[in-house]
Each structure stands twice: as structure tokens, then as C-alpha cells.
Amino acid sequence: VQLQASGGGLVQAGGSLRLSCAASGMILRMINMGWYRQAPGKQRDFVASINTGGATNYADSVKGRFTISRDNAKNTIYLQMNVLQPEDTAVYYCNTIYNKRSWGQGTLVTVSS
């Protein structure tokens with residue numbers, strides 16, 4: 001089982017990025033999945049989740065700006081991030097909601113002011 005997050009980069013405040021999470025060895029539509037992030041010197045925090053039925057949930061800090069989605073055909077989870085702010089700078093990870101898998105390297109998002 002492997003989860004690979006990608007799509008990070010450097011963006012100016014107010015900009016957008018779309019992160020992708022590809023999975024091998026697991027079928028994402030059958031698992032409640034989430035995005036998490038860890039800013040420098042801080043703990044890893046929940047960002048967004050999507051359950052098997054497609055219902056989504058967001059941290060208050062990203063509500064209205066970020067959108068989590070899933071492409072079943074591609075077995076991929078996405079995180080569309082709009083109106084990015086410097087405080088969104090972090091390494092972003094995807095993982096299951098329950099029974100966490102290995103976190104992997106994540107993808108770095110840097111938002112400049």
C-alpha cells in the first residue's frame with residue numbers, strides 16, 4: 001500500500017494549487033480519505049476529508065477555500081486550494097481517516113506574501 005501526494009509548489013498569496021493523491025494497493029472510493037498538513041515546527045493537522053459516500057468535511061481554517069474530491073476511475077484524491085495564504089504553507093499529506101498508512105514524504109506548499 002502506498003500513497004503519493006504531489007502537486008505542491010511555490011505560489012503567491014491569493015493563488016491556487018491542486019494537490020493529487022495517488023494510491024497503489026488500495027481502492028480509494030472504498031476508504032474514508034483525508035488531507036493533512038504540517039507546518040514548520042507544528043504538529044500535523046487535519047485539513048479535509050471525503051468519505052466513501054462522497055461527503056466532505058473541512059477544517060475551519062480552509063472552509064470555503066479548499067475543496068476535496070475523488071476521481072474513482074483514476075483512484076486519486078484531489079485537494080483544490082484557492083485563495084492561498086502564507087499560513088497555508090506546510091507539507092501536505094494524504095492518508096486514510098482510520099487505520100493510518102505510512103505518511104510518505106508529502107508535498108510542500110509554500111505561499112509567499
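Note that the structure is predicted; figures quoted are calculated from it, not measured. Counting begins at 1 with the first residue of the sequence.
Contact annotation: the side chain of Leu3 approaches that of Met33 to within less than 4.5 Å [non-hydrogen atoms, C-beta and beyond]. No side-chain heavy atom of Val11 sits less than 4.5 Å from a side-chain heavy atom of Thr110. With contacts defined as side-chain heavy-atom distances shorter than 4.5 Å, the pair Arg37/Ser61 qualifies. Using a 4.5 Å heavy-atom threshold, the side chains of Asn32 and Thr96 count as separate. The closest side-chain heavy-atom distance from Trp35 to Ile77 is below 4.5 Å. Side-chain contact between Met81 and Asp88 is absent, with no heavy atoms from C-beta onward closer than 4.5 Å. Residues Leu79 and Phe66 meet the side-chain proximity criterion, which asks for heavy atoms closer than 4.5 Å. Taking the side chain as every heavy atom from C-beta outward, Gln2 and Arg101 never approach each other to under 4.5 Å.
Within a 6.0 Å radius of NZ in Lys74, other residues, nucleotides and ligands contribute 12 heavy atoms or fewer. Residue Lys63 places its NZ atom among more than 12 non-hydrogen atoms of other residues, nucleotides or ligands, all under 6.0 Å distant.
Side chain to side chain, Ser16 and Asn82 meet the donor-acceptor criterion of an N or O pair below 3.5 Å.
Between Ser112 atom OG and Leu84 atom CG the span is 10.0 Å, to the nearest 0.5 Å. To the nearest 0.5 Å, atoms SG (Cys21) and CG (Asp71) are separated by 12.5 Å.
Considering only residues two or more places apart in sequence or on other chains, Glu87 meets the side-chain contact (heavy atoms from CB on, under 4.5 Å) condition with Gln85.
Remark: the backbone N or O of Met26 is paired with a side-chain donor or acceptor of Asn75 at under 3.5 angstrom. Checked by atom type and distance alone, the side chain of Thr76 never pairs as donor or acceptor with a backbone atom of Ser20 at under 3.5 Å. A donor-acceptor contact shorter than 3.5 Å is absent between the side chain of Tyr58 and the backbone of Arg65. Between the side chain of Arg29 and the backbone N or O of Arg70, no donor-acceptor pair lies under 3.5 Å.
Leu19 and Ile31 end up in the same hydrophobic cluster when Ile, Leu, Val, Met, Phe, Trp and Tyr side chains are linked at under 4.5 Å.
Ile97 belongs to a hydrophobic cluster with Tyr36, Phe46, Val91, Tyr93, Tyr98, Trp103, Leu108, counting contacts under 4.5 Å between side-chain heavy atoms of Ile, Leu, Val, Met, Phe, Trp and Tyr, direct or through other members.
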